Amino acid sequence: MKRWHMLFVAAFLVAGTAQAQPIKVGELNSYKVFTAFLDPYKKGWELALEEINKSGGVLGRKIEVISRDDNGNTGDAVRVAEELISRENVSLLMGTFPSNVGLAVSNLAAQRKMVFVAAEPLTDKIVWENGNRYTFRLRPSTYMQTAMLIPDAVKLKKAKWATVHPNYEYGQSATKWFKSLMQQKQPGVQFVSEQAPPLGKIDAGAVVQALVDAKPDAIFSSLFGPDLQKFVREGNTRGLFKNTVVFNLLAGEPEYLDPLKDETPEGWYVTGYPWNEIKTPAHQKFLAAYQAKYKDYPRLGSIVGYSTMYTVANAIKKAGSVDTEKLIAALKGLEMETPIGPIVYRPIDGQSTMGAYVGKLAKKDGKGVMVNWHFSDGALFLPPFEEVRAMRKE
Amino acid sequence: MTAAAILIQFLNGLASASSLFLVAAGLSLIFGVTRIVNFAHGSLYMLGTYIAYSLIEHFGRGPLGFWGAVLLAGLIVAAFGALVEIFLLRRIYAAPELLQLLATFALVLIVKDFALWVWGPEDLLGPRAPGLGGAVEIAGRQFPEYDLFLIVLGPLVLAILWAILTRTRWGTLVRAATEDREMAGALGVNQKWLFTGVFALGSLLAGLGGSVQIPREPANLFMDLSVISDAFVVVVVGGLGSIGGAFLAALLIAEIKAFCIGIGDVTWFGHVLSFSKLTLVVEFIVMAVVLVIRPWGLLGRQQSVPRSSGAAEAPLALPSRTAVQALVALLAALALVPVFFSGYALVLLIDIMVFALFSVSLYFIMGPGGMHSFGHAAYFGLGAYGAGLIVKSGAAMEVGLLAGPLLAGIGALVFGWFCVRLSGVYLAMLTLAFAQIAWSVVFQWDAVTGGSNGLIGIWPAPWLASKTAYYYLALAGCATGIFVLWRILYAPFGYALRAGRDSPLRADAIGIDVRSRQWGAFVIAGLAAGLAGSLSAFSKGSISPESMAVPRSVDGLVMVLLGGIQNLTGPVWGAALFTWLQDAVAREIDYWRAVLGAVILALVLAFPQGIAGYIGQFIESRRVKSAGAPA
C-alpha cells in the first residue's frame, strides 16, 4: 500500500514538472557598457515578463529569461550566445545594443538556425544588406528615424547645412541618409561642413567653433550621451544655436535629454519619447505598472525592453510552439500592441513598424521636455519594397 | 580658415592642453619615481569628476560651494591614492616588472563598478562655474570664460610643480629618486613615504584634472578609459618623468587636434580628405612620429635602469621529464574532451586555447624578448581580418587560415622594424601607437573592412563546421603554435634573444646582432598571434574592430602577468584562468567587473610571481628540501 502511494506521488511529480517546464528565452546585452540605456531596458523586459507569467505564461508554460552580459564586443557576445543556445537550450534569442554586436549575433543565429529578436541595434544592415530570415528587429532604424525628421527639415527651406556625427556606423549612416534624402526632397541643398568626432571623445569647443565658422543655416546631428551634453554646453556658451536650427536624432529620449537639465537647447527638432505627455490607454497602463514596480519613470529603453519581451511571448503564442520554423512563420507579419501603438513585423525584412515621437525641445522648470510633438508611424518611413529586396539580395 | 578662426582654434587648443596636462603630469610624476605604469590614473580622474559633482550638489552652486568642491574632490582623490599606495602597491614593488600594472588594471575594474553603484548609470552634467559661466568676445566670436581660466591654470600648475621639484627639499628627494632610487634609499631617504607622497601628489593632479572638467564634461562611466590613453600618449611624447615635456606634448597634441577639427574637409586632387575623422587617431600618429625621430620623447632622457626591479630572472632550464609528461597528459586530456562533452564546453575551450596561443605569443616577446608590447592585439586583429577578407573575396577557408597569420606577420615585420629601435616603456608605447593606427584604419575603411561593424559570415568550411571538428582544428593549431614558440626559445635563436635581453652589450660583443633577433622575435610572435586571430574569427563567424583595440591588448598583458611572466607555461594558465573567470563571474554576478578586479588583486597579492611562477617556486623548494639541502 505504502509503495503504491509513493509511486503515485512520484508519477504526479514527474507529470507536474513536465507541464510546468518553463520556456527558456536567451537574452544578451551590453549592460556594463551602455548602462544608461540598458538599465531601464532591463527593467522594461522584467516588468513584461512578470505580467506575462502572472497571467499564466504562454502555451500553459511560464517563460524564463536567461540574461547574460555580452561585454559590448562581438567575440564575447558570440560566446555568450553559444552558451545560451547549447548549454541553456534556449528556444530563441533576444537583445543586443551596439550595431556590430547585433550583426554578429544575427549572423550566429542564422548559422545555428535560431530566431533572434534584435531589440535595440539601429543599424539598417541588420534587416537589409546583412539581413537573414532568422532575425527580426524591433526599434525604428537609423534610416527610419532620420527619415522622420526630413519633413520638418524640408519645410524650413534652409539652403546651407552642416552635419556632425559620432564616427561609427550609426552616425555615419545617419549623416549619409540625411544628405541623400535631403538632396531628393530639396534639390540644390548645400552641405558646408561635416564633423565626425570619435564616439565619446568629442573635442566640443573646437567642433562648435568649426561649425560657427562654417556659417550654416541649419545643423543635422546624431550625437548622443556625453558627446551631446558637451556639444550643447559649448554651443550654448559660444552662441552657435542662436541663429541656427538644429536637428538631432535621439536627443528627445529621456536617457539623453534628462541630463541636459537647464542647458536644454530650445527649438531643436528631435526624435524621442515624451513619456509624461502620452495619454493613450495602452501607455497609461504601462506607465502605471512601471511606476508602481520601480518608483521611477520609464525611459525609451524601458519601452524597448517591454515590447521585445512581448514580441517573444506573442510570437510563441501565435506559433503554438517553440519550433524555429514555426516561430519564423509567426513573427512574419506578427501584429501586436506596444505602449506606443500597434506594430507589425514586416514579412519582407523582419523590421517592425514601431514609430517614434518627433517634436521640438523646450525648457520647463529647469528640465528638458518635448513640445509640439507628434507620433510618426514607422510604416510610413521605410523605403519601397523593391529597394528593400534589392538590398537584401534575396 | 580665416585669421580669426585660426586664433580661436589656437585658444581652444590651449584650453584642451591644460586639461590634458593636469592628468598627464600626475602620471609622469608617478612613473618617474615609482616606475609604476598606473592604468588606474584615468579612474582617479573619473572619481575626481564624480566626487566634485556630488560635493557641488551638497554645498550648493555658489562660488564657495563650487570651488570648494573642486579642491576638496582633488584632496579626496589624493587621499584615496595614498591609501592605494600604502595598502596595495607597497606590497608588490619587489615583484617582477609590470606586475604593478596588473594591480592597477584590477583597480580600474573595481572603481568603474564602484562609480556605477554609487552614482548610477545616468550621465551627470554639472553646473557652469560661478563667475565664469559666460563668454567673452574675441575676434568677433564668443569664447567661454572658463576656457580662459583653463588656459591660465595649466601653466600655473606647471610653475607650481616646477617650484616644488626644484625649490623644496622634498622635490630634491623626488628628483633624486627619479634618477636612482636605490642610491637615494642608501643615503637614508625614507623611500616608503616618498613613494606615498608622490603617489598622492599624482592622484591629486588626476583628481583635480577631473574636477575642473565639471563645467565642460558630464561625469560618466567612459571617462576613465577615454582619458588614460591620451594621458599615456602625452607622458611618452613629452619624455617620461619630464613635467615640462608633458606640458609641451599636451600643447602639441591639443593644438593639432583643434586644427584638424578647424580645417575639416579638404579636397586634394579630387579626393576629399577629412581631417575631422583623423581626430580618431591623431595623437597616436603624433606619438609614432615623435618616437621614431626622438626615441625618448621630446624632452626625455635615456632611462636609467632601476637596479632592483624584482629578482633577476633565472636562466631558462629545459623542462623536467615530469613537466613534459604533465603537458603531454594535458594535451591528451584536451583531445579526449569532445568524447565526453559537447556544446558549450567546446566553445569555451576553443576561446581559452585561442587566448592561450595569443598570450604565449605575447610572452614570447615580453619575457624572453624583453620587449613589452602594449599593442599586441594588432596582430591578433590583422590575423582575423586577413582570414576574413580572403574568405570574403571568395577563397577557401583553409587559405584564409594561412593568409591571416601572413598578414599579421607582415604587420609585425613593418611595425617591429621601428619598435626594436626603442626600449622599455617607449617601445611599449610605440607598439600601442601602431596598434591604434592599424585599428583606426580597420575602423574607418568601410568599403573593405566593414568599418565599425566589421565583417560577418566568416564560417569554417563544411568539413570543419561541427563544433567537434573545429575544436580539433583549434587544438591542433594552438598546440602546434605554442609548441613551436616554446621550441624556438631553446634553439640558438632563443638563447641569442635572451642574451640580448639580459645584456645587450655582451651579446653584441660576441657577435649577436641583437636588433635583428628582436625583429625576428617580433615577426614570429606576430605570426602566432595572427594564427590565434584567424582561428578566433572562424570560431565566431564574425570580426569587428574591437578584436584589435586596446582592451584586447590589455587582456593579453593581464593573462601573461596573471600566469607569471618568468614562467614558460605561465601565459597558458593565465589565459585559461582569466577567460574562465570572466565567463563564470559575468554569468552569476551583476557587478562582475568589480568581482573580477577583486579576484585579480587577491591573486596579485598572494602570488606576485604569477600562478605558474608560484607553483614553480613551490616545487623547487620541495625538491631542494627533499634533496637535503646543506644547512
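Below, all heavy atoms of this structure are taken into account, side chains as well, without hydrogens, waters or symmetry copies. First the proteins, then the strands, lettered A, B, ... as listed; each starts at 1. Here the structure is a predicted model, which is why all the values come from computation and not from measurement.
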| task | Measure from NZ or CZ of Arg593(B) to the centre of the six-membered ring of Tyr591(B) and say whether it is under 6.0 Å with the direction within 45° of the ring axis. | result | no

| Taking Glu122(B), Arg128(B), Lys112(B) one by one, which has the highest count of heavy-atom pairs under 4.5 Å against chain A? | Arg128(B)

| query | Would the number of heavy atoms belonging to other residues, nucleotides or ligands and lying under 6.0 Å from CG of Asp258(A) be above 12? | reply | yes

| remark: Cut-off 4.5 Å, heavy atoms of chain A, and the answer for Phe259(B) is neither

| Relative to chain A, which segment of Asp583(B) carries a heavy atom at a distance below 4.5 Å: side chain, backbone, both, or neither? | both

| request: Dump the intermediate steps for side-chain hydrogen bond (donor to acceptor under 3.5 Å, both in side chains) on Thr49(B) and Gln213(B), then the final yes or no. | output: CA-CA 7 Å; Thr49(B) 316; Gln213(B) 288 302 315; over 6 Å; no

| Toward chain A, the part of Leu125(B) with a non-hydrogen atom under 4.5 Å | both

| request: Select one option (side chain, backbone, both, neither) describing which atoms of Asp147(B) are under 4.5 Å from chain A's heavy atoms. | output: side chain

| query | Most heavy-atom pairs under 4.5 angstrom with chain A, which of Lys467(B), Arg552(B), Lys540(B)? | reply | Lys540(B)

| task | Would you mind checking if Lys363(A) and Asp262(A) are paired as a salt bridge, meaning a charged N to carboxylate O distance below 4.0 Å? | result | no

| query | Quick one: what part of Asp351(B) sits under 4.5 Å from any heavy atom of chain A, side chain, backbone, both or neither? | reply | side chain

| Side chain to side chain, Met114(A) and Tyr134(A), heavy atoms closer than 4.5 Å | no

| message | Measuring only between side-chain heavy atoms, which start at C-beta, is Ile261(B) closer than 4.5 Å to Asn12(B)? | response | no

| field | Heavy-atom check, side chain of Asp69(A) versus side chain of Leu28(A), under 4.5 Å | value | no

| message | Under a 4.5 Å cutoff for heavy-atom pairs, which residue among Phe143(B), Trp592(B), Phe222(B) has the most contacts with chain A? | response | Trp592(B)

| said: Report which part of Arg141(B) has an atom under 4.5 Å of a heavy atom belonging to chain A: side chain, backbone, both, or neither. | reply: side chain

| Between Leu124(B), Thr279(B), Val227(B), the one whose heavy-atom pairs under 4.5 Å with chain A are most numerous | Thr279(B)

